[in-house]
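Read the structure below first, then the notes.
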Amino acid sequence: MKKIFCFLLWLIVCIPLGAQTTHRDSVLTQARRLKNIYRVDEAIELLTNLLEPGALDEGVLSELADCHFQNGDYEGAAGSYLVLSTIAPDNLLYKIRLMRTYYLLKAYPQSIQMAKAVLERDSIPTVVAYVGDAFRQMNQVDSALFYYRQALSLKPTHASTVSKVARLLINRKDYDGAIAVTEPLLAKDPDNMDIAPLKGLALYGKGDFDGAIAVYQRQQELGDDTYNTHYYLGQSYWQAKITYRAEQELMAAWQMDSSDVNLAYAIAAVKQDYKSESYRPFLTDIKPWLDKAVEMLQPDPDLMARIHQQYGLGYYRQDSSWDQAIYHYKEAYRYNPKLISALLSIAYCYESKKDHKQAIAWYEKYMQVARPGSQGYEYAKKSIDFIKGKMFDEDPASLLGE
């Protein structure tokens, strides 16, 4: 009897424990299956029911944290990964996932702190780059570049990091630096369609238009038909004085995006930039593009000055359109007082319409701000003498009282 009693007691006490373990494993398997087929809410409910107050089941918590992360509940994921990284401090996986979760929560200082805890144990290039990403998000560009460069020292051809560094350097106008950071990757993969355009942009920024043309032409050969490629290839052709190709590329860009005021201005300027024997009709071919630019423009003094300068140039080339040209050159100068060439153009327009006194006044105004001895200064000086001589021939009394 005693043996039977003991056996019954074993059945009562021990079998439920085994059954409990079997139940846990079965639920974990079912939760993983639900998670894998994106029925995450159901998986979370099953896993939550397995948790017991005061008990820390690492396997259940890990699955629950992954489910929260997959479900976009980053706060829930962060809480679970924080507990896991505490109970299993040697498990780098939990720290890395907590780093990523903090980053997605925009808790960048905490993400950096967790990443540094990982890096104390292992120099993982992607984790180093994450620190750079967090500093970049906080607009701490110097710190971001420091960590990105550390990441590249570990993995020089990591395309994502190369792209981020190149963009930051281009924004800083460090074009040589941007080109240098792309070279190791492009040496292995010269037709990389993410990095090569960045090199092209840097070449364009530093004024190497032939180099930029070569890069963007190659991109087109590889099938790149994007707005940026057409736009910067067009701009590079324009700067290289290959105006007919510039117009083709800029018009192709316009077909893709007609919301860029700089593009509308560039098309107008390119159309007006032909050699003298090939001038385009201003009123029908050029003015409409300048009008588009003005309509789209969020007031920017420098761009407004350049637009009005192009208007002035167009009307200047029209017969008897001096008043219109004068108006736009005055507007160009009003928007940008450093554009002193506009004063010279205004004076010449007045001279052309035979308003001698205004012509002299504007030539003199130009001389007040121009560098003595410069070509423009000497031209204004000779023009004043010429006009005064003409005025004397026409009416000697007109110069009395000066």
Side-chain angles (χ1 to χ4, degrees), residues 69 72 74-75 77-78 81-82 85 92-208 211-212 215-216 219 224 226-229 231-232 260 262:
F69 188 91
Y74 300 127
E75 289 188 4
Y81 287 134
L82 182 59
S85 63
L92 290 184
L93 176 62
Y94 297 146
K95 288 182 170 59
I96 290 172
R97 288 182 176 174
L98 184 55
M99 171 200 74
R100 291 178 59 205
T101 306
Y102 280 144
Y103 183 88
L104 291 169
L105 287 169
K106 300 184 179 181
Y108 301 121
Q110 292 89 332
S111 182
I112 291 170
Q113 181 181 7
M114 194 53 54
K116 288 182 176 179
V118 173
L119 295 174
E120 288 176 1
R121 300 276 305 280
D122 193 351
S123 297
I124 303 171
T126 301
V127 174
V128 180
Y130 248 100
V131 181
D133 289 342
F135 277 118
R136 177 170 55 87
Q137 292 292 346
M138 294 189 294
N139 293 318
Q140 296 183 28
V141 177
D142 287 333
S143 295
L145 285 171
F146 174 80
Y147 281 96
Y148 284 145
R149 286 185 170 120
Q150 277 197 341
L152 289 177
S153 71
L154 298 169
K155 193 174 181 181
T157 59
H158 188 252
S160 175
T161 306
V162 170
S163 174
K164 291 167 187 174
V165 174
R167 290 178 191 280
L168 287 175
L169 293 174
I170 289 170
N171 288 339
R172 285 188 158 190
K173 302 187 187 305
D174 182 0
Y175 302 119
D176 288 327
I179 292 167
V181 82
T182 65
E183 286 177 346
L185 190 150
L186 291 176
K188 291 187 175 182
D189 183 10
D191 290 333
N192 187 294
M193 296 183 72
D194 294 320
I195 304 304
L198 291 173
K199 181 180 180 181
L201 183 57
L203 290 166
Y204 173 83
K206 69 174 291 188
D208 183 355
V215 170
Y216 287 119
Q219 288 299 108
D224 184 348
T226 59
Y227 172 86
N228 278 348
T229 293
Y231 179 83
Y232 284 107
D260 187 349
N262 290 289

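- Under the rule for a side-chain contact (heavy atoms from CB on, under 4.5 Å), the partners of K116 that lie at least two apart in sequence or sit in another chain are I112, Y147.
- Under the 4.5 Å side-chain criterion, counting only non-hydrogen atoms from C-beta, F69 is in contact with Y81.
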Candidate pair Y227 and D260, rule side-chain hydrogen bond (donor to acceptor under 3.5 Å, both in side chains), full reasoning: CA-CA 11 Å; Y227 172 86; D260 187 349; 3.0 Å; yes

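- Between G205 and Y175, the closest heavy-atom pair is O-CE1, 3.3 Å.
- Contact of the Y130 side chain with the M99 side chain is registered, since non-hydrogen atoms from C-beta on lie closer than 4.5 Å.
- The minimum heavy-atom distance between A77 and T101, with the atom names listed, is CB-CG2, 4.1 Å.
- Closest approach of L98 and M114 over heavy atoms only: CD2-CE, 3.5 Å.
- Taking the side chain to side chain donor-acceptor pair (under 3.5 Å) definition, one finds that S85 meets it with nothing, sequence neighbours left out.
- In this structure, D174 CG and L145 CG are separated by 9.0 Å, a value rounded to the nearest 0.5 Å.
- Here CD of E75 is found 11.0 Å from OH of Y102. Values are rounded to the nearest 0.5 Å.
- At a threshold of 4.5 Å between non-hydrogen side-chain atoms, the residues T161 and K155 do not count as touching.
- Between T182 and A166, the shortest heavy-atom distance links the atoms CG2-CB, 4.2 Å.
- Between the side chain of S111 and the backbone N or O of Y108, no donor-acceptor pair lies under 3.5 Å.
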Stepwise side-chain contact (heavy atoms from CB on, under 4.5 Å) test for V131 and L119: CA-CA 10 Å; V131 181; L119 295 174; 4.3 Å; yes

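- Side-chain contact between Y148 and V162 is absent, with no heavy-atom pair separated by less than 4.5 Å.
- To the nearest 0.5 Å, atoms CD1 (I179) and CG (L198) are separated by 11.0 Å.
- Shown here for A151 and P125, the closest heavy-atom pair between the two residues is CB-O, 3.7 Å.
- Counting heavy atoms from C-beta on, the side chains of I96 and I124 come closer than 4.5 Å.
- Residues N192 and Q219 come closest through the heavy atom pair O-OE1, 4.3 Å.
- Around the CZ atom of R100, the shell of radius 6.0 Å holds no more than 12 heavy atoms that belong to other residues, nucleotides or ligands.
- Proximity of M138 to P109: side-chain heavy atoms (C-beta onward) are separated by under 4.5 Å at one or more points.
- Rounding to the nearest 0.5 angstrom, the gap separating the CD1 atom in I195 from the CG atom in L185 is 5.5 Å.
- Every pair passing salt bridge (charged side-chain N to carboxylate O under 4.0 Å, His left out) that includes a residue from residues 193-206 is listed here, sequence neighbours excluded: D176-K206.
- Counting heavy atoms of neighbouring residues, nucleotides and ligands inside a 6.0 Å radius, atom CD of Q110 exceeds 12 of them.
- Aromatic ring orientation, Y232 versus Y216: parallel (interplanar angle below 30°, classes split at 30° and 60°).
- Other residues, nucleotides and ligands contribute more than 12 heavy atoms inside 6.0 Å of the CD atom of Q137.
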Test log, rule side-chain hydrogen bond (donor to acceptor under 3.5 Å, both in side chains), inputs N228 and T226: CA-CA 6 Å; N228 278 348; T226 59; over 6 Å; no

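- A distance-only check finds no donor-acceptor pair linking the side chain of S163 to the backbone of A159 [under 3.5 Å].
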